[in-house]
Amino acid sequence: MRIAVYPGSFDPVTNGHLDIIRRASRIYDRLIVGVLNNPSKRSPMFSVEERIELIRGVTDDIENVEVDSFTGLLVDFAKAKGAQVIVKGLRTVADFEYEFQMALLNKALNPEYETVFLMTDTKYSYISSSMVKELAGFKGDLTGLVPEEVIAKIRMKV
Ligand code: PNS
């Protein structure tokens, strides 16, 4: 069984994340979305539990997707889940530099895991959770950036 983990902060999950989740779920038998529980990250919009609920809500039609949180190292989470692969989405060259470094570091930490990159669909290439939060703070239109049910939850926060 091919098991992959797709890690991130997902604060909140965007349509770009959802696209990667859908595509990766067709490649692997099981895809485990891992929400990083990072207490040092200041003032998240959603708690880890809320983020998990949001991701579960927008992926409930995809049978082989599970959502869980993790603390500590990604390679340890991958090991605990019996995964062989770490899936990451790539949008820009700036993403590449950071992701390349992380992939090499994770490989150094544990060479058993392969990081596999999926290129963003161009229509999502400019979306990030931080941009969504900034836009939400200015009451900007979030249509098309995040799923409708996430828009509703963001409205309750700002
Ligand atoms: O959505 P993000 O914030 O870009 O996701 C970053 C994430 C969660 C993938 C990354 O921070 C991560 O893997 N954190 C876990 C700690 C870890 O293993 N770091 C790499 C080695 S120090």
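Counting convention: from 1, in listed order, for ligands and their atoms alike. For clarity, every value in this text was computed on a predicted model and none was experimentally measured.
Interface atoms of ligand 1 facing Leu36, defined by a heavy-atom separation under 4.0 Å, are 8 (C), 11 (O), 14 (N), 15 (C). Below 4.0 Å from some heavy atom of Gly72 lie the following atoms of ligand 1, by number and element: 15 (C), 16 (C). With ligand atoms numbered from 1 in the order given, ligand 1 contributes 9 (C) to contacts under 4.0 Å with heavy atoms of Lys88. Of all the atoms in ligand 1, the ones that sit under 4.0 Å from a non-hydrogen atom of Phe70 are 15 (C).
The two residues Ser69 and Val48 have their closest heavy-atom pair at CB-CG1, 3.5 Å.
Heavy-atom separations between Phe77 and ligand 1 are all 4.0 Å or longer. Ligand 1 has no atom lying under 4.0 Å from any heavy atom of Ser129.
Between the side chains of Ser9 and Asp11, no donor N or O sits under 3.5 Å from an acceptor N or O.
Inter-residue side-chain proximity for Gln84 and Ile3 is flagged as met; some heavy-atom pair is nearer than 4.5 Å.
Here the side chain of Asp60 pairs no donor or acceptor atom with the backbone of Arg56 at under 3.5 angstrom. A donor-acceptor pair is defined here as one N or O able to donate and one able to accept, closer than 3.5 Å; no such pair exists between the side chain of Ser129 and the backbone of Phe10.
The pair Glu114-Lys107 meets the salt-bridge criterion, with a side-chain N (NZ, NE, NH1 or NH2) lying under 4.0 Å from an Asp/Glu carboxylate O.
Between Phe100 and Phe96, the ring planes are parallel. Angles under 30° get that label, and only those over 60° would be called perpendicular. Using cut-offs of 30° and 60° for the angle between ring planes, the Phe70 and Phe77 rings count as parallel.
By the neighbour-count criterion of 12 heavy atoms within 6.0 Å, atom NZ of Lys157 is densely surrounded, having more than that number from other residues, nucleotides or ligands.
Considering only non-hydrogen protein atoms, atom 12 (C) of ligand 1 sits nearest to Met102 CE, 4.4 Å. Counting protein heavy atoms only, atom 20 (C) of ligand 1 is closest to Asn106 OD1, 3.8 Å. At the shortest separation from atom 21 (C) of ligand 1 among protein heavy atoms lies Leu105 CD2, 3.5 Å. Protein heavy atom nearest atom 19 (N) of ligand 1, with residue, atom name and distance: Leu73 CD2, 4.4 Å.
On a distance-only criterion, Ser9 and ligand 1 share at least one N/O pair closer than 3.5 Å. Considering backbone and side-chain N/O atoms, Leu74 comes within less than 3.5 Å of an N/O atom of ligand 1.
Closer than 4.0 Å to atom 4 (O) of ligand 1 lies none of the heavy atoms of the protein.
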